[in-house]
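A quick note: this is a predicted structure, and the numbers were derived from the prediction, not measured.
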Amino acid sequence: MSTQTTEGGRARPEPIRAVPVRHPGRWVAIVVLVVLAAMFVHMLFTNKQYEWRFIADNVLSAPVARGALTTIELTVFAMIIGVVLGVVLAVMRLSPNPILSTASWLYTWFFRGVPRLVLCVLFGNLGILYSRLEFGLPFDRQIGYLFGIDDLHARIFGVNSTTLLTGFTAGLLALAMSEGAYMAEIVRAGIQSVDAGQTEAAQALGMRRPLMLRRIILPQAMRVIVPPTGNETIAMLKDTSLVAYVPVTNELFFQLQHIGARTYQIFPMLVAACLWYLAMTSVLMVGQHYVERYFGRGFGAAGAARIRRVRRTGASGEVAE
Amino acid sequence: MSEAAAAVDGLPAPADCMVLADNVHKSFGRLEVLRGVDLAVPSGAVACVLGPSGGGKSTFLRCINHLEKIDAGQVWVGGELVGYRQIGGKLHEMREKDIAVQRSRIGMVFQRFNLFPHLTARQNVMEAPCRVRGVRRAQARERAEELLTRVGLADKGDTYPAQLSGGQQQRVAIARALAMDPELMLFDEPTSALDPELVGEVLDVMKDLAESGMTMVVVTHEIGFAREVADSVVFMDGGVIVESGPPSQVLDNPRRERTREFLSKVL
């Protein structure tokens, strides 16, 4: 079987030097793409409607920068709330308690079923439904009537919804609660991807469910949870533009559109919006790459994958890292 | 009351043995996997359970630490009813917390090892003592080193499971179970997922453990191990115990045709 050495008295044959297969189709494709790209760039520079100077003057102006900051704030807070909510909902959904699991299912059903745009408008108008938010004994008036007291008020404190549900809070809540529903499904998939043997081993050692989830199941589920969460973050950054309908006025897309409408330079400002979102999602993509690498490193199985990779490439002489 | 029932079956009293199974039944849907299993394992004894696949061996083992809930009958470990409490002649389901305490006194080793892949070998061994029993880290660490040395893996403490061979992983799994100082060890086909040349190292550790006086119930296909180490051999098929007794009797002079047929195929 040995093909490597002269073991057994046979000389190793010359390495194969064959004529490679030609790929004329690839050359055609390259030519077509280069021509199309050249046409596009040419159009960018010759079409006066782009108003590149106007874009350059306005893309970093103070209100736009403030808008971009709001967009980043919304993304960060909505994702933090969404991830925490998602973990809680996923654990509830997989709980042996049928009440918790049904409640989680209902939540997901509602917030995944209603479009984010509709949610944003809905949360922006919650003030119509509740002018004041108060905390106290539920059904206090009805209970009062039962005991013959008219107008029983057992409230501890309250706030006007106009002060609580400002545009920013309403928009943030709409995005975060919608995100919670999506994250719940992602976390659930992650938890379910962990081998059932892990649960059995943990149970056999006398671990209870909360400890097992925290120490054994969730750390392993992270490998499955992190990549889609990166996608969710990028999607969230783009969806923050929806809060313009709450309305939130100091948000990036609203600001750019506003400048466009005021100066009749609508298209250049749309281009500016594209540039902003592309720049920010690009930064997030770089971040996602490093986060995934970090979580891969912390885990035995991923570590083994790295070892396998090194072994495989090591066979051909070069090591991957 | 139950002791009276046990006496009728000719089984010893629960307090007199480490494991006592009394007429255990278990079905999965319409499939009856266990159909009245009786077994008594005295403290310090090693019982090997043999039999064809699908005969209910693994299910029975998993009933002993309540990983499977039994439908009828009783299981006692260390004189304590497993999974239930008897109050005034009525059975009450135990809370998860109390079941966990019972399980923590029963070590279990699985066919597919089930080590925690995100933890090193040492962390695997330390996890349950630290988190379940609240043992101090330094102390748990010392004990983990001791146990890893005992299973011949003193130098592998910092290694992740995926970097260990199957035999090494199974030995870490044994150390992990021993870290809880169990009074009983259950082995569910511990060598079935191993390459043939790695079986010996795991069996050696188990032999060592048996000699130290650990009570063990071992589901296995290793007839040689059963012959050498077991105090009693149990042959299970079709959800019942077909035959049981000392290895010399069951393995060399089986009384039942079914046992003879099985042994002629595996020997």
Side-chain angles (χ1 to χ4, degrees), chain A residues 91-92 94-98 100-101 190-226 291-312 314 321, chain B residues 58 61-62 64-68 95-121 123-134 158-164 169 172-173 176-182 184-188 193:
Chain A
V91 170
M92 279 170 67
L94 296 172
S95 154
N97 180 337
L100 289 183
S101 129
I191 290 176
Q192 286 179 331
S193 76
V194 178
D195 180 44
Q198 295 291 308
T199 310
E200 287 186 354
Q203 281 180 332
L205 285 167
M207 289 193 189
R208 294 168 65 187
R209 212 176 117 82
L211 177 67
M212 179 174 86
L213 276 170
R214 203 179 72 235
R215 295 287 305 173
I216 307 299
I217 307 296
L218 280 176
Q220 294 182 57
M222 284 308 269
R223 269 182 305 143
V224 174
I225 294 172
V226 166
V291 170
E292 272 175 37
R293 217 171 63 164
Y294 169 80
F295 274 102
R297 184 173 296 162
F299 292 86
R306 212 168 64 238
I307 292 162
R308 273 200 298 280
R309 204 160 54 235
V310 170
R311 278 207 195 117
R312 212 182 302 128
E321 272 162 271
Chain B
S58 289
L61 198 71
R62 292 155 57 84
I64 297 177
N65 68 351
H66 208 59
L67 278 182
E68 300 290 353
R95 291 173 160 280
E96 190 207 4
K97 184 175 80 177
D98 302 317
I99 295 173
V101 170
Q102 276 190 336
R103 285 198 187 118
S104 73
R105 296 201 297 259
I106 306 171
M108 186 158 192
V109 174
F110 300 87
Q111 183 177 354
R112 306 203 44 96
F113 331 132
N114 295 350
L115 288 179
F116 306 132
H118 60 302
L119 302 177
T120 63
Q123 287 167 338
N124 263 280
V125 179
M126 289 168 65
E127 184 67 14
C130 286
R131 304 277 166 176
V132 176
R133 290 265 166 82
D158 292 316
T159 314
Y160 284 96
Q163 293 160 291
L164 295 171
Q169 288 192 51
V172 173
R176 176 176 72 172
L178 289 176
M180 293 299 276
D181 297 314
L184 165 70
M185 285 284 284
L186 308 175
F187 292 85
D188 188 3

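Ion pair A:Arg215/B:Glu127 flagged as a salt bridge, since at least one NZ, NE, NH1 or NH2 atom sits closer than 4.0 Å to an Asp/Glu carboxylate oxygen.
Among all heavy-atom pairs drawn from A:Leu205 and B:Val132, the shortest one is O-CG2, 4.1 Å. Summarising the geometry of B:Phe110 relative to A:Ala201, their closest heavy-atom pair is CE1-CA, 3.7 Å, with the distance given to 0.1 Å. The shortest heavy-atom contact between B:Asn65 and A:Ala204 is ND2-CB, 4.0 Å. Between A:Gln203 and B:Arg103, the closest heavy-atom pair is O-CD, 3.1 Å.
Both the backbone and the side chain of A:Ile216 have a heavy atom closer than 4.5 Å to some heavy atom of chain B. Heavy-atom distances place the side chain of B:Arg62, and not its backbone, under 4.5 Å from chain A. Neither the backbone nor the side chain of B:Arg112 has a heavy atom closer than 4.5 Å to any heavy atom of chain A. With a 4.5 Å cut-off on non-hydrogen atoms, B:Leu67 touches chain A through its side chain but not through its backbone.
Of the listed residues (B:Met180, B:Arg176, B:Arg105, B:Gln102), the one with the most heavy-atom contacts under 4.5 Å to chain A is B:Arg176.
Here A:Ile217 contributes atom CD1 and B:Phe116 contributes atom CZ; the two are 8.0 Å apart, rounded to the nearest 0.5 Å.
With hydrogens and angles ignored, the 3.5 Å screen pairs a side-chain donor or acceptor of A:Gln198 with a backbone N or O of B:Leu115. A donor-acceptor contact shorter than 3.5 Å links the side chain of B:Asn114 to the backbone of A:Gly197.
More than 12 heavy atoms of other residues, nucleotides or ligands lie within 6.0 Å of CZ in B:Arg133, so this atom counts as buried by the packing criterion.
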